[in-house]
Amino acid sequence: MGIRSGAEYIKGLQSRQPEIWLQGRRVTSVYDEAVFKQPILEIAKLYDMQHDPEYQDKITHICEETGERVNNAFLPVKSAEDLEARRNLYEAYAKATFGLMGRTPDFLNIVLTSLYSNASFLEKYNRQWAENVKSYYRYIRDNDLFLTHAIINPQNDRSKTSHEQQDMFTHLGAVRETPEGLIVRGAKMLATLAPITDEVIIYSFPGFKPGDERYALAFAIPIDTPGLRILCREPMQDGKRSVYDHPLASRFEESDAVLVFHDVLVPWDRVFLYNNVEAANGLYPKTGIAQQPAHQTGVRGLIKLQFATEVAVRLADSIGVDVYLNVQNDLGELIQSVECIRALLRTAERECDVLPSGEMMPGWVPLETIRGLLPKMYPRAIEVLQIIGAGGLLMSPTDADMVHPELAEDMEKYYAGRAGISGSERVRLFKLAWDLCGEAFGQRLLQYERYYTGDPIRKRAIFYNNYKRERSFSLVDDALSVFEGKKTAESVLPVKRASGAD
Ligand SMILES: Cc1cc2nc3c(=O)[nH]c(=O)nc-3n(C[C@H](O)[C@H](O)[C@H](O)COP(=O)(O)OP(=O)(O)OC[C@H]3O[C@@H](n4cnc5c(N)ncnc54)[C@H](O)[C@@H]3O)c2cc1C
Ligand SMILES: Nc1c(O)cccc1C(=O)O
C-alpha cells in the first residue's frame with residue numbers, strides 16, 4: 001500500500017474502537033470526540049503532505065524492497081544522503097506543527113526502523129525476536145501506520161524496582177505463556193497521542209535488576225487490542241475553543257495517557273523481547289533507538305525554540321520595548337540559543353557514528369548536548385516571553401469583544417501597539433504568546449521539553465560518564481608535562497616527552 005493520505009488515516013481510526021477513557025466516560029468514536037478532532041486533523045495534514053508535490057520528494061522515497069513509495073522515517077540510514085532525507089522529513093513535519101507536536105508519526109517509525117536495522121542485537125538472544133521485529137517494521141512501513149509508545153513504569157514508588165512494588169502487576173509484566181502468545185498485566189506511561197494512533201509499542205529505558213525478568217519486555221499490538229485500557233489525562237481544551245482566542249492551544253494539544261493492560265494477549269509474532277534483563281537493558285543503548293530519535297527531536301526542538309523566539313521578538317517589537325537594553329539582552333540570548341542548537345545539529349549531521357550494522361547515526365555528543373541544553377533553553381524562552389509580555393499578556397479580550405460593534409473602536413484604539421501595530425494585530429500576537437507561556441497547554445509544552453527524553457539530570461550524568469570513558473582529557477597531561485620529573489615549580493624547565501613533543 002505505501003503512503004497513506006489523511007483521509008485514509010482517519011478511516012483507519014474510524015474502523016476501530018479502542019477502550020479510551022476520558023473524564024469518566026468511555027469514548028465511542030474517537031474521530032467525533034471534540035478534544036481529539038483538531039489534533040487528528042493536524043496529523044491527517046502530515047499524511048496528506050506525503051502526496052503533495054511540494055513535499056513528496058522531500059519526505060518520501062521509493063522503497064528498495066517493495067518498489068512502493070514510503071515515508072523517509074522508514075529509510076534505513078546508510079549514507080549522508082539518507083540522513084539528509086530524514087532531516088528533510090523532520091523539518092517538514094516540525095514546521096507544519098511549529099515543533100509543538102512531539103510525537104508525530106515519524107518519531108516512532110524511526111525507532112522501529114532502527115530496531116529493524118539493528119535486529120542482530122536481538123538475534124544474539126533469540127532469533128525469533130529479530131524476525132518478529134523485521135516483519136513488524138515491514139508491516140508498519142507498508143501500511144504507513146502511526147504508533148504510540150509507553151516506555152516508563154507508572155510513578156508509584158521510584159525507590160523500588162518493578163518486582164519490589166506492592167503489587168506484582170502494578171508495573172506491566174508477563175503473567176503467563178499460552179500457545180497463542182504472552183499474557184501481560186499492569187500499567188505503563190505516558191502514551192502521548194495514544195487515542196489517535198493505530199498501534200502501540202512497548203519497551204523500556206534501561207534499569208532492570210535481577211528479579212525484574214517478567215518486566216523485561218518489548219512488544220507491539222494494535223491500539224484496540226482487547227483488555228488494553230487507555231486512561232487519558234484531563235484535557236486542557238474542550239475542543240470547542242476559538243482558533244482566534246487560542247491559535248495554538250485549540251489545534252495542537254497532544255493528549256497523554258496511562259495504558260493499563262488487563263491480561264492482554266500479545267501474539268508470539270509480536271513479542272520482541274521477553275524475560276531477559278540483559279537484553280532489555282541493552283535495547284535502548286545498543287540498537288540506535290536513542291540516537292536516531294534524538295535527531296528527530298533535535299530538529300523538532302530547534303523549530304519549537306525558534307518559534308518561541310520569533311514570538312518573543314515580534315511581541316517586544318509590537319509594543320516598542322525592544323529599544324531597551326535589558327529586552328535586547330534577553331532576546332539576544334534566545335537567538336543565540338537557537339543558533340547554538342542549529343550549529344549542534346549541523347555538527348551532529350557531519351560527525352556521524354556508524355554502527356556495526358552499517359547504520360549511520362548523527363553524532364552522539366552533539367545530539368546529547370542538544371538533549372541537555374533544550375530542557376533549559378526552552379523554559380528560559382517561555383520565561384522571557386512572560387517577562388516581556390508582562391501585564392499585557394493579561395489584557396487580551398476575546399474574539400467576541402473584538403467584533404462587537406459597540407467595542408470595535410475601543411479595541412482598535414486602546415489595544416493598539418506602537419505606531420503601525422493595530423489593536424487587532426497586537427491582540428492576536430499576545431494571544432499567540434499566551435498560548436505558549438500562560439495556558440495549561442503551554443505548561444505541558446514546557447514539561448514535555450523538560451522530560452520527553454527522560455530525566456534530564458540522570459541523562460546528563462550518563463552523558464558525563466560515557467564521555468569520560470571515551471576520552472583521556474589529555475590537555476591536562478600536556479599542561480602538566482612541564483613538571484615531569486620535577487618536584488617543584490621553581491626548578492621547572494620544559495622536558496622532552498616520550499613522544500618527542502615538547
Ligand atoms: C508531556 C510528556 C509527554 C510524554 N510522552 C511520553 C510518551 O509518549 N511515551 C513515553 O514512554 N513516555 C513519555 N513521557 C514520559 C517521559 O519519558 C518521563 O516523564 C521521563 O522519562 C521522566 O520520568 P518520570 O516522569 O517518571 O520522572 P521520575 O523518574 O519519576 O522522576 C521524578 C523526579 O525524581 C527524580 N528521580 C527519580 N528517580 C531518580 C533516581 N533513580 N535517581 C535520581 N533522581 C531520581 C528525578 O530527577 C525527578 O526530578 C512523557 C513525559 C511528558 C512530561
Ligand atoms: N524519549 C524517547 C522515547 O520516548 C523513545 C525513544 C527515544 C527517546 C529519546 O529521547 O531518546
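Atoms within a ligand are numbered from 1 in the order they appear, just like the ligands themselves. From a predicted model like this one, the values you see are computed outputs, not experimental measurements.
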Geometric cation-pi criterion, R270 with F272: 6.0 Å, 45°: no
Aromatic contact, Y47 with Y9 (centres under 6.0 Å): yes
Aromatic ring pairing F463/Y467, orientation class (parallel under 30°, perpendicular over 60°, tilted between): tilted
Kindly state whether the ring of Y274 and the ring of W129 have centres lying under 6.0 angstrom apart.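 No.
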Could you tell me whether R471 sits above the aromatic face of F473, with NZ or CZ closer than 6.0 angstrom to the six-membered ring centre and within 45 degrees of the axis?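 Cation-pi check for R471 and F473: fails.
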Is the F98 ring parallel, tilted or perpendicular to the F252 ring (thresholds 30°, 60°)? perpendicular
Please tabulate, one line per pair, the protein N or O atoms found under 3.5 Å from any N or O atom of ligand 2, giving the distance to one decimal.
{"residue": "ligand 2", "atom": "1 (N)", "partner": "Y452", "partner atom": "O", "Å": "2.6"}
{"residue": "ligand 2", "atom": "4 (O)", "partner": "R103", "partner atom": "NH2", "Å": "3.2"}
{"residue": "ligand 2", "atom": "4 (O)", "partner": "H149", "partner atom": "NE2", "Å": "2.4"}
{"residue": "ligand 2", "atom": "10 (O)", "partner": "R371", "partner atom": "NH2", "Å": "3.2"}
{"residue": "ligand 2", "atom": "10 (O)", "partner": "T453", "partner atom": "OG1", "Å": "2.7"}
{"residue": "ligand 2", "atom": "11 (O)", "partner": "Y284", "partner atom": "OH", "Å": "2.4"}
{"residue": "ligand 2", "atom": "11 (O)", "partner": "R371", "partner atom": "NH2", "Å": "2.3"}

Establish, yes or no, whether the cationic atom of K459 lies under 6.0 Å from the six-membered ring centre of F205 and within 45° of the ring axis.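 Yes - K459 lies over the ring of F205, closer than 6.0 Å to its centre and within 45° of its axis.
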Can you list every protein residue that has a heavy atom under 4.0 Å from any atom of ligand 1, sorted by chain and residue number?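 Those residues closer than 4.0 Å to ligand 1 by some heavy atom are R103, H149, A150, I151, I152, Q155, R158, M189, L190, T192, F205, D256, R444, Q447, Y448, Y451, Y452, G454, D455, R458.
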Taking the six-membered ring of F74, is the NZ or CZ of R141 close enough (under 6.0 Å from the centre) and on axis enough (within 45°)?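 Output no; distance or angle outside limits.
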Close aromatic pair by centroid cut-off 6.0 Å: Y215 and H163: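 So the answer is no for these two rings.
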